[in-house]
Each structure stands twice: as structure tokens, then as C-alpha cells.
Participant: 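Handing you a structure now.
In what follows, chains carry the letters A, B, and so on, assigned in the order in which the sequence lines appear, proteins first and then strands, with residues in each chain numbered from 1.
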Amino acid sequence: MTLRLYNTMSRSLEEFRPVRPGKIGLYTCGPTVYNRVHIGNLRTFVWEDVMCRVFRALSYETTQVMNLTDIDDKTIRGAMAAGLPLREFTDRHIATFFADLNALGVVPATLYPRATDHIPEMVALVKKLAARGHTYESDGSVWFRIATFPGYGKLSKIDLSAVKRGARVADDEYDKEDVRDFAVWKVAKEGEPESATWTTELGRGRPGWHLECSAMSMKYLGETFDIHTGAVDNIFPHHENEIAQSEGATGKPFVNFWLHAEHLLVDGEKMAKSKGNFYTLPDLLEKAFSPRAIRYLLVSVPYRMKLNFTFDGLKAAASAVERLESLDLRLREREGRKGKEEEEISLKVNAPEAAGGDFAERVSAAHRAVFDSLEDDLNTAGALGALFSFVKATNVDLEAGHLSPADATAARGLLHEIAGNILGIMPSDAASGLASSPSKKSPSESSSESRDVDETWIDARIAARKAAKKTRDFKAADAIRDELLGRGIVLEDTPHGVRWKRKP
RNA sequence: GGCGACGUACCCAAGUGGUUAAGGGAAGGCUCUGCAAAAGCCUCAUUCGUCGGUUCGACUCCGACCGUCGCCUCCA
């Protein structure tokens, strides 16, 4: 199987070919940092994270650049409302953005360039466009003249000739020749804060939206690079304008593969603050859902499908994650790390015919099945299906005593490789920063109080309960069980002894 | 109006021109257990929105229709 990706430009599945063998240059459209990102945003960022992990697992040396758009109308408005300098205002939102990514176990991008750190690059780009005759000035602002770029509309397939050319814009803020034209440089306006104004060769003002992505992507990835992603709403006008700016300036193809994630809906509707169905990550964590369950839900629907977010779905996701963790726990016990008591029993009971080579083959078959799905346009749902098929088969073997400790180790290896390293819904060997259990604390401030009920105390209580059971004092035993439950500790009696876990 | 996505069991969802239509959740049953809980197993769509067409054969290809959602203005 080879990697195939759905290219918005061609509207078809294409075999991926990198510009430079073995390497991938990836630009993932990042947030405008004026508020807390919502779970719809996070769906896109988590998808992009999985994409990077898959690329790296396929041995592509992947450079991921994600912009932070920290200058535009919204950030200016926000800064003014907050009474803060622009930079200070956007710093705060960048901090919560990273906190959210970290809480969901997103592996950081290679680079997070900020628009305001690239004013000179943007000015240079505008000058390049001007030199090639793509711009005009009006009232001190600089506009991109769409009419000079024949390919305009090729990504979105929107036929803008339907829009009346030369029509005076209903927009009373700016003057432009053609409704389709867009600003690459906006002249400073009355009342705009000093902190959001730059004095450059283009005058006093600020860059237009779109420009930062062209300037920064080409700076860090080259004038032609492999993959550019975002959500579907970016297709027009954002990405369309990026193409115009970039190709207008260089005369070269800008991007080879355009990938776009579908939106997340809540209860079948577009998420909107006015509808009361608007959620951020802290909103969900407060409801005691684990980051892993949230991530599972986001990953369980392939990126080109709309994802209908519901709390029922989130509960289902939490259960699915527990199934994976249960298997991991059982495998760990089979590996014999949980004490000699179990060891003796297994020796007595099983004398297992180790599945050995057969089992190794099953593991690699499962691995192949998972990657067949992932390489098919990042089909995460198919990958999960393959993973869970393996989970079921492994449970059956485990139950039948057919797994040797070495088999268990191999199975755990696969589990952690796929669910951990690739999908990020279990802890991986590489530390991912993904919290294992829900907590009331927001990811930004991780006060670790109440989290740790002392383990030696738990063990002591379990021992006491065992003693009580031995004397058939079930009342006392049950009392201890309830006591532990009250502290969030769930006991499980298994044939091999008691084990416990924290209540999810 | 223009562009686009989607419609598979109670919910989520993969997938294929032709042997038994993945998987997860829920539900029911069973095993285990002092009782529980947890866990594991088993069961759970003769059928893939509707109607036509192509075909020896379609859920999968084509067309129409119905329905849901989105973009076309800021938006992940």
C-alpha cells in the first residue's frame, strides 16, 4: 500500500509524491489567537497531529509549520476591548491554545511562526507582487488585483465571474476596484492601537489577512511545498487567496496537495455561541470527560466526514478507550509483572502452548491492516476497526490461556504503537503528556491535589479486605470496598487476585 | 441561485461489482463471584434513503428524486 491523499485541488484521491524524496513539508493553518479554540478547531488540529504521526511512522522526515495569526480585525478588536497591547493580548490566547493542544496529546509542530514576527517578509512579498503588476493602491491600502491572476478560483471551483465586476463594494470601510480583490496591506485607521500598527515601506498600517500564510509557508517550506491543510471553510477565500498571492509572486506552483477537514457539528447543527452548543476543551474536562475519550471521539470519524459531536458519542468513546486500557492491563498481568501469585497460578493452570510464531504473524497482520487504512487517506475509522478486531482476538486467546508472556509483550507493543504512538488515545512509550484520567483541573494549571490517593494506603486497605474475606466477614470486606469507592478507587476481583483502578 | 459533502442496524461508523456487509457504544444472555463491581465471551442489518437504468449479478457504477448539513461575508 502506498500513501494516498484526497487533494481538494483535483477533487480526487492521489498517490502522494513528495517534492524531495523522503521528506514532507507540511503547512497546517493555525488559529487566529483572539479567543479560546473550540472543539471544532481541535478536531482539525488533532487530525493534523495524527497525520504527522502517520507520516513519521511511514519514515517521512516531516516538517510541520503552523502559523499563529496574531494580527487581524479580531485580534485588534479583542486587544482594544481588553485594554491590552496587541502582543500581550495574543500571548494570552497562544498560551491557552498550547495548553489545549498539550492536554489532547498533540505533538508540537516543528515551528509556530507568528504573523507579527514576519512583517518584513510580508512587506517583501507585497513588493514582489507589486513588481509583477498584481497590486494597486487605494487610499493608502494595497490590494491584490484578481483580474491579473487567471488561475483565481481553481481551488474552490467558485466561478466568480458571476459576481459583477467593478461593482462598488457594499463595504464602506475600504475602496477597491473589484469585489473580488482583497487587501494585502491595510492602511492604519483612526483609533487603531499603536501596538497593531507598523511603519514600513508600504506606509503605516498592517498586513492583510492571508498574507502571513503565504509569507511564512514559503519562508520555511520553500516556494513549492508538499501539503497545505485546514478546514473546509478555509478553501474560500483564505486558501484561494494564498494561492493567488504566492503563485502571483513566484510564478511557481505553491502547493502540491491541499487537504481539508470537514466541520464538527454539535447535535447535528453548526456550533454557535448563540445556539448554546458551543464547547471548548475546558468545558468538556469540567464535565469529567477524559482528554483521551475526547481525542478518541475526534479521531474516530475520518477527517473528510462531518463529525457530529454528542455527549452520548463522548460516553461511547470513553467506553471504547477503557476497552483498550483493560486489554493493556490484562496483557501486563500476563507478562508477569504483577507478582508471583499470578505466576504460580498460570504455571499450574495453563502450561500454555505459546502461540509463538502464529501470534507474531497475527500481530504483524493487524499492523498491516491498520496501516492499510491509514495510508488510504488517513482512514482512522478503518484503522480503529482493525485495531479492535485484534483486541477481540487477543482477548479470546488470553482467556483461553493461549498467550505466552512474550506474546503478551508483542501484543502490548502493537497496542502502544497504534493506539499510543499513532492515534494518541493511549499512553505511548514516548511521553505524550496525555493525562490518563479526567480531572477538574484545567490543563493550563495542573495542580495535582486530590489526584493521588496514596497507593500504599490502598494496598493496605486491600490487604485488610482480603483478611476480612478470609474470615468470611463480608460486611467488613464490603465496607472497605465502599470506602475505597468513595475515594474513587474501584476494586476488581479477578481469578488471580484483586486489582484496582481509579474511577474513570 | 452557484459550489460541495453526506444518507449503512437503537447511536457512531468501515467497506466491497458477485463467498458470512468491519469495528465501537448501547441492549440482552453467559462466565467469573460470598454478593457486587469490573472484565471477558456470545447474540444483535437476508440488508445498505427512494425510484429507475447499466450488468449474468449492485449496497457498491449511472441518472432522477427525497432528506440532512455546509461553503459562497469572519470562521477550523
Participant: Tell me which nucleotide, if any, is Watson-Crick or G-U wobble paired with B:C44 when both distances must be under 3.5 Å.
Facilitator: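 Per the H-bond distance test, none.
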Participant: Which part of the nucleic acid, if any, lies within contact of A:Val396, taking any heavy atom under 4.0 Å across all strands shown: a base, the sugar-phosphate backbone alone, or nothing?
Facilitator: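 Sugar-phosphate contact only - A:Val396 comes under 4.0 Å of backbone atoms but never of a base.
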Participant: Out of B:C41, B:G4, B:G34, which nucleotide sits closest to the side chain of A:Asn395?
Facilitator: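 Closest nucleotide to the A:Asn395 side chain: B:C41.
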Participant: Is any side-chain nitrogen or oxygen of A:Trp47 closer than 4.0 Å to OP1 or OP2 of B:A76?
Facilitator: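 No, A:Trp47 has no side-chain N/O under 4.0 Å of OP1/OP2 on B:A76.
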Participant: Look through every strand shown and name the nucleotide pairing with B:A38 as Watson-Crick or G-U wobble, where both distances are under 3.5 Å.
Facilitator: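 Paired with B:A38, as far as the under-3.5 Å criterion goes, is no nucleotide at all.
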Participant: A quick test of your reading: do over 12 heavy atoms of other residues, nucleotides or ligands sit less than 6.0 Å from CZ of A:Arg472?
Facilitator: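 Incorrect, the count does not exceed 12.
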Participant: Has the side chain of A:Arg481 got a donor or acceptor atom sitting under 3.5 Å from an opposite partner on the base of B:C35?
Facilitator: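 Indeed, a donor on one side and an acceptor on the other fall under 3.5 Å apart.
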Participant: Can you label the angle between the A:His260 ring and the A:Trp258 ring as parallel, tilted or perpendicular, going by 30° and 60°?
Facilitator: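 Plane angle under 30°, so parallel.
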Participant: Please state how far atom CG in A:Leu155 lies from atom P in B:G2, giving the value in whole angstrom units.
Facilitator: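 It works out to 21 Å between those atoms.
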Participant: Restricting to non-hydrogen atoms, name the atom on A:Pro193 and the atom on A:Ile76 that form the minimum distance, rounded to 0.1 Å.
Facilitator: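 Looking at all heavy atoms of both residues, the shortest contact is CD-CG2, 3.8 Å.
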Participant: Find the distance A:Lys74:NZ to B:A76:P and express it as a whole number of Å.
Facilitator: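 Answer to the nearest Å: 6 Å.
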Participant: Rounding to the closest angstrom, what is the interatomic distance between B:C48 and B:G17 at atom C1'?
Facilitator: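 My reading of the C1' atoms in B:C48 and B:G17 gives 14 Å.
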Participant: For atom P, what is the distance between B:C11 and B:U16, given to the nearest Å?
Facilitator: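 Here B:C11 and B:U16 have their P atoms 23 Å from each other.
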Participant: P atom, B:G2 versus B:G52: distance in rounded Å?
Facilitator: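 My reading of the P atoms in B:G2 and B:G52 gives 28 Å.
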Participant: Using the closest heavy atom to pick a nucleotide of RNA chain B for each, name whichever of A:Leu297 or A:Met271 lands nearer the 5' end.
Facilitator: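 Result of the comparison: A:Leu297.
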Participant: Between B:A76, B:C41, B:G34, which nucleotide gets closest to the side-chain atoms of A:Lys392?
Facilitator: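 In terms of side-chain proximity for A:Lys392, the closest of B:A76, B:C41, B:G34 is B:C41.
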Participant: Give a yes/no answer on whether the side chain of A:Lys270 brings an N or O atom under 4.0 Å of OP1 or OP2 in B:C71.
Facilitator: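 So the side-chain polar atoms of A:Lys270 do come within 4.0 Å of the phosphate oxygens OP1 or OP2 of B:C71, strictly under.
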Participant: Does a nitrogen or oxygen in the side chain of A:Lys157 sit under 4.0 Å from OP1 or OP2 of B:C71?
Facilitator: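 For B:C71, neither OP1 nor OP2 has a side-chain N or O of A:Lys157 closer than 4.0 Å.
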Participant: Classify A:Pro31 by what it touches in the nucleic acid, base, sugar-phosphate, or nothing, heavy-atom distance under 4.0 Å.
Facilitator: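 No contact.
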Participant: Nearest whole Å is fine: how far is B:C69 P from A:Asp267 CG?
Facilitator: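 So the CG-P distance, A:Asp267 to B:C69, works out to 13 Å.
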Participant: Is A:Asn379 close enough to B:G15 that one of its side-chain N or O atoms is under 4.0 Å from OP1 or OP2 there?
Facilitator: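 Looking at the OP1 and OP2 atoms of B:G15, one of them is under 4.0 Å from a side-chain N or O of A:Asn379.
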Participant: Look at all strands and tell whether A:Gly40 reaches a base, only sugar-phosphate, or nothing, counting heavy atoms closer than 4.0 Å.
Facilitator: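 Answer is base: heavy atoms of A:Gly40 come under 4.0 Å of a base.
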Participant: Considering only side-chain heavy atoms of A:Lys306, which listed nucleotide, B:G25, B:C69, B:C42, is closest?
Facilitator: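 Per side-chain heavy atoms of A:Lys306, the pick is B:C69.
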Participant: Sticking with atom P, work out how far B:G49 lies from B:C6, rounded to a whole angstrom.
Facilitator: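 Nearest-Å result for B:G49 against B:C6 at atom P: 13 Å.
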Participant: Regarding B:G34, can its base be found pairing with the side chain of A:Asp478 as donor and acceptor, where the two atoms are less than 3.5 Å apart?
Facilitator: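 Answer is yes: a donor-acceptor pair is held.
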Participant: What is the pairing partner of B:U68, taking Watson-Crick or G-U wobble pairs with both distances under 3.5 Å in any strand?
Facilitator: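 Base-paired to B:A5.
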Participant: Please state the C1' separation for the pair B:G63 and B:A27 - nearest whole angstrom.
Facilitator: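 These two C1' atoms come out 40 Å apart once rounded.
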Participant: With respect to the phosphate group of B:C41, does any side-chain polar atom (N or O) of A:Arg323 fall under 4.0 Å of OP1 or OP2?
Facilitator: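 It does, given that an N or O in the side chain of A:Arg323 lies less than 4.0 Å from OP1 or OP2 of B:C41.
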Participant: Taking A:Tyr112 as the fixed residue, which of A:Tyr27, A:Phe45, A:Phe98 is the one that meets the ring-ring contact (aromatic ring centres under 6.0 Å, His included) rule?
Facilitator: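 Of the listed residues A:Tyr27, A:Phe45, A:Phe98, the ring-ring contact (aromatic ring centres under 6.0 Å, His included) partner of A:Tyr112 is A:Phe98.
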Participant: Need the pair for B:C32. Rule: Watson-Crick or G-U wobble, both distances under 3.5 Å, any strand; none if unpaired.
Facilitator: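 Base-paired to nothing in any strand shown.
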Participant: Answer yes if the ring centres of A:Phe311 and A:Tyr279 are under 6.0 angstrom apart, and no otherwise.
Facilitator: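 They qualify: ring centres under 6.0 Å apart.
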Participant: Could you state the CD-C1' distance from A:Glu399 to B:A39, rounded to the nearest angstrom?
Facilitator: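 For the pair A:Glu399 CD and B:A39 C1', the rounded distance is 8 Å.
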Participant: Does A:Leu264 reach a base, just sugar-phosphate, or nothing at all? Heavy atoms under 4.0 Å.
Facilitator: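 Contact class for A:Leu264: base.
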Participant: Hey, can you tell me if A:Phe254 and A:Phe225 have their rings parallel, tilted or perpendicular (30° and 60° cut-offs)?
Facilitator: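 The arrangement is perpendicular - the two ring planes meet at more than 60°.
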Participant: Would you mind reading off the distance between A:Met9 atom CE and B:G4 atom P, rounded to a whole angstrom?
Facilitator: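 Going from A:Met9 (CE) to B:G4 (P), I get 15 Å.
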Participant: Give one of base, sugar-phosphate or nothing for A:Ser300, where a contact means two heavy atoms less than 4.0 Å apart.
Facilitator: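 A:Ser300: no heavy atom of the nucleic acid under 4.0 Å.
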Participant: Rounding to an integer number of angstrom, what distance separates B:C66 and B:C74 when you compare their P atoms?
Facilitator: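 Taking atom P in both B:C66 and B:C74, they lie 32 Å apart.
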Participant: So which nucleotide from B:G34, B:G40, B:A14 ends up closest to the side chain of A:Met305?
Facilitator: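 Output: B:A14.
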Participant: Give none if B:U54 has no partner; otherwise give the nucleotide forming a Watson-Crick or G-U wobble pair with it, both distances under 3.5 Å.
Facilitator: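 Pair assignment: B:U54 / none.
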Participant: What are the two closest non-hydrogen atoms of A:Ala468 and A:Ala477, and how far apart are they?
Facilitator: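 Closest heavy-atom pair between A:Ala468 and A:Ala477: CB-N, 4.0 Å.
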Participant: Look at the side-chain N and O atoms of A:Ser319 and state whether any lies under 4.0 Å from the OP1 or OP2 oxygen of B:A26.
Facilitator: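 Affirmative; the distance criterion is met.
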Participant: Taking atom C1' of B:C71 as reference, at what distance in whole Å does atom NE2 of A:His239 sit?
Facilitator: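 Whole-Å distance recorded here is 14 Å.
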Participant: Separation of A:Leu327 atom CG from B:G40 atom P, in whole Å?
Facilitator: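 Computing the A:Leu327:CG to B:G40:P distance gives 8 Å.
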Participant: Of the listed nucleotides (B:A39, B:A13, B:G34), which one gets closest to any side-chain atom of A:Lys469?
Facilitator: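 So the side chain of A:Lys469 is nearest to B:G34.
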Participant: Between B:C32 atom C1' and A:Leu398 atom CG, what is the distance in whole Å?
Facilitator: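 Distance, rounded to whole Å: 15 Å.
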Participant: Is the gap between the ring centers of A:Phe278 and A:His38 under 6.0 Å?
Facilitator: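 When the ring centroids of A:Phe278 and A:His38 are compared, they turn out to be within the sub-6.0 Å range.
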Participant: Hey, can you tell me if A:Phe144 and A:Phe149 have their rings parallel, tilted or perpendicular (30° and 60° cut-offs)?
Facilitator: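 Rings of A:Phe144 and A:Phe149: perpendicular, over 60°.
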Participant: Searching all strands shown, indicate the nucleotide that pairs with B:U73 (Watson-Crick or G-U wobble; both distances under 3.5 Å).
Facilitator: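 Check on B:U73: unpaired, no WC or wobble geometry under 3.5 Å.
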Participant: Measuring from the side chain of A:His263 (C-beta onward, heavy atoms only), which nucleotide among B:A13, B:G40, B:G70 has the closest atom?
Facilitator: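 Looking only at heavy atoms from C-beta outward on A:His263, the closest nucleotide is B:G70.
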Participant: What nucleic acid atoms does A:His260 come within less than 4.0 Å of, heavy atoms only: base, sugar-phosphate, or nothing?
Facilitator: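 No contact at all - A:His260 keeps every heavy atom at 4.0 Å or more from the nucleic acid.
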Participant: Considering only atom P, compute the distance from B:C56 to B:A13 and round it to an integer number of Å.
Facilitator: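 Comparing P positions in B:C56 and B:A13 gives a spacing of 36 Å.
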Participant: C1' atom, B:G15 versus B:G53: distance in rounded Å?
Facilitator: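 These two C1' atoms come out 24 Å apart once rounded.
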Participant: Given that A:His238 and A:Asn308 both sit by RNA chain B, which one's nearest nucleotide is further toward the 5' end?
Facilitator: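 In this pair, the answer is A:Asn308.
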Participant: Is there aromatic stacking of A:Phe474 against B:G34, centre distance under 5.5 Å, plane angle under 30°?
Facilitator: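 A stacking contact exists, since A:Phe474 sits close and nearly parallel to the base ring of B:G34.
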Participant: Do any N or O atoms from the side chain of A:Arg304 and from the backbone of A:Tyr6 form a donor-acceptor pair under 3.5 angstrom?
Facilitator: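 The answer is no, because no donor-acceptor pair under 3.5 Å joins these two groups.
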Participant: Under 4.0 Å, heavy atoms only, any strand: does A:Ala381 hit a base, just the sugar-phosphate, or nothing?
Facilitator: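 Base contact - A:Ala381 has a heavy atom under 4.0 Å of at least one base atom.
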Participant: Please give the nucleotide sitting opposite B:A22 as a Watson-Crick or G-U wobble pair, both distances under 3.5 Å, or none.
Facilitator: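 For B:A22, the partner nucleotide comes out as none, under the 3.5 Å rule.
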